[in-house]
Amino acid sequence: MRKETPRLILRPWETRDRAPFAAINADPETRQYFYPRLLTKAGSDAVVDAAIVDLADDGFGFLAVERKADGALIGGAGLSCPGPEVPGGYELELGWILGRPYWRQGYATEASLACLDFVWDELEIDTVIGYTSTINAPSRRTMERIGMTYVPAADFEDTTVPAGHVLRPHVLYRIERAGRARHA
Ligand SMILES: CC(C)(COP(=O)(O)OP(=O)(O)OC[C@H]1O[C@@H](n2cnc3c(N)ncnc32)[C@H](O)[C@@H]1OP(=O)(O)O)[C@@H](O)C(=O)NCCC(=O)NCCS
């Protein structure tokens, strides 16, 4: 899976991405809505390793996001299968994490719309979900901006987060393939 947008290249992970991605995952502000909050270099590398395996196995997955203007690795975005903590048996989740210098410039929107185009064009899948902790306003706003709809009935507790923790309540958003369903 590889996608280009006006300002970004979404591509498989390369060795040169590991250090900047680890720096993003070691930033407490960027990781404030994640549990556990910070990743070690090894933990960050494990995310990259898993993405590489998914991309090889499935042909799609969580991608490195490179800025065309300067070749900077600005973060990661893409597709993955929801974990068992997400109720509903959904097939595909869209997720993202960008380094702080790259926030609020429309990059998450641009990367996400490219991933949705990939799903609608290349996969026989009609629904993509996003989910995050209820208090993650930037991520919720990003989901709304790309056309996802909040599904209040699908609110859930992320069982990988301890009971009573502020990040345990989660919200789920969904977007359907536009127009007539593929199998209609
Ligand atoms: C969530 C994240 C990817 C958004 O990236 P971004 O490139 O700044 O988002 P965009 O510039 O495309 O903006 C998308 C929408 O979110 C809004 N937004 C972005 N940051 C925001 C913030 N800090 N507070 C409120 N809204 C915010 C934008 O204003 C825009 O909405 P609008 O069209 O109504 O103006 C980025 O903040 C991030 O990486 N956060 C840390 C990682 C994270 O929490 N990932 C999700 C885990 S589930």
Side-chain angles (χ1 to χ4, degrees), residues 3-11 13 17 20-40 43-44 46-48 50-51 54 61-70 72-88 90-118 128-151 154-162 165-175:
K3 292 293 282 186
E4 279 201 34
T5 70
R7 295 180 295 168
L8 304 172
I9 300 171
L10 281 68
R11 55 159 178 76
W13 296 86
D17 303 322
F21 192 57
I24 290 170
N25 283 317
D27 175 38
E29 192 176 339
T30 301
R31 294 275 309 186
Q32 65 184 299
Y33 301 114
F34 286 82
Y35 186 90
R37 188 157 187 172
L38 299 182
L39 292 183
T40 61
S44 179
V47 172
V48 172
D54 284 348
F62 187 68
L63 298 163
V65 181
E66 178 183 321
R67 182 162 63 182
K68 282 182 181 174
D70 57 2
L73 188 277
I74 70 164
L79 305 162
S80 53
C81 294
E85 71 276 10
V86 183
Y90 293 103
E91 290 174 288
L92 215 50
E93 178 223 345
L94 181 54
W96 40 69
I97 180 169
L98 301 182
R100 237 188 306 156
Y102 312 111
W103 291 358
R104 304 209 81 153
Q105 298 165 64
Y107 289 137
T109 300
E110 200 167 309
S112 301
L113 290 174
C115 290
L116 288 177
D117 281 347
F118 175 86
V128 175
I129 62 161
Y131 58 88
T132 190
S133 51
T134 306
I135 61 170
N136 188 344
S139 202
R140 294 185 66 163
R141 187 64 212 133
T142 301
M143 290 191 254
E144 287 159 8
R145 174 142 179 211
I146 64 172
M148 287 185 156
T149 304
Y150 173 43
V151 186
D155 282 359
F156 66 100
E157 300 274 304
D158 182 342
T159 52
T160 64
V161 180
H165 195 286
V166 68
L167 295 180
R168 190 168 151 113
H170 270 56
V171 287
L172 187 140
Y173 288 68
R174 189 171 62 201
I175 187 166

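For ligands, and for the atoms within them, numbers begin at 1 and follow the listed sequence. When reading the values below, keep in mind they use all heavy atoms of this one structure, side chains included, and skip hydrogens, waters and symmetry mates. Because the structure is predicted, anything quoted here is derived from the model rather than measured.
- Atom 23 (N) of ligand 1 has its closest protein heavy atom at Pro138 CG, 3.4 Å.
- Here Glu144 has no heavy atoms under 4.0 Å from ligand 1, in either its backbone or its side chain.
- In Phe34, the part holding a heavy atom less than 4.0 Å from any atom of ligand 1 is the side chain.
- Annotation: Gly106 places an N or O atom under 3.5 Å from an N or O atom of ligand 1; distance criterion only.
- Arg141 NE, 3.5 Å is the protein heavy atom nearest to atom 32 (P) of ligand 1.
- Near Thr132, with a cut-off below 4.0 Å to any heavy atom, the atoms of ligand 1 are 48 (S).
- A donor-acceptor contact shorter than 3.5 Å links the side chain of Glu110 to the backbone of Arg7.
- To the nearest 0.5 Å, atom CD1 of residue Ile9 and atom CD1 of residue Ile74 are 11.0 Å apart.
- Among protein heavy atoms, the minimum distance from atom 2 (C) of ligand 1 is reached at Trp96 CD1, 4.2 Å.
- Under a 4.0 Å criterion applied to the non-hydrogen atoms of Ile97, ligand 1 contributes the atoms 39 (O), 42 (C).
- Looking only at protein heavy atoms, the nearest one to atom 44 (O) of ligand 1 is Asn136 ND2, 3.0 Å.
- Here the protein heavy atom with the shortest distance to atom 39 (O) of ligand 1 is Leu98 N, 2.8 Å.
- Considering both main-chain and side-chain atoms, Thr30 never comes within under 3.5 Å of ligand 1 through any nitrogen or oxygen pair.
- Using a 4.0 Å cut-off to heavy atoms of Ala108, the atoms of ligand 1 that qualify are 3 (C), 4 (C), 5 (O), 6 (P), 7 (O), 9 (O), 12 (O).
- Counting protein heavy atoms only, atom 4 (C) of ligand 1 is closest to Thr142 OG1, 3.5 Å.
- To the nearest 0.5 Å, the span separating CD on Gln32 from CZ on Arg37 amounts to 6.0 Å.
- Residue Arg104 has at least one N or O atom closer than 3.5 Å to an N or O atom of ligand 1.
- For atom 12 (O) of ligand 1, the nearest non-hydrogen atom of the protein is Thr109 OG1, 2.6 Å.
- A cation-pi contact, defined as under 6.0 Å to the ring centre and within 45° of the axis, is absent between Arg67 and Tyr107.
- Nearest protein heavy-atom neighbour of atom 35 (O) of ligand 1: Arg145 NH1, 4.4 Å.
- Residues passing the ring pair (Phe, Tyr, Trp, His ring centres under 6.0 Å) test with Phe156 are Tyr131, His170, sequence neighbours excluded.
- Ligand 1 lies nowhere less than 4.0 angstrom from a heavy atom belonging to Gly95.
- A heavy-atom separation below 4.0 Å is not found between Ala137 and ligand 1.
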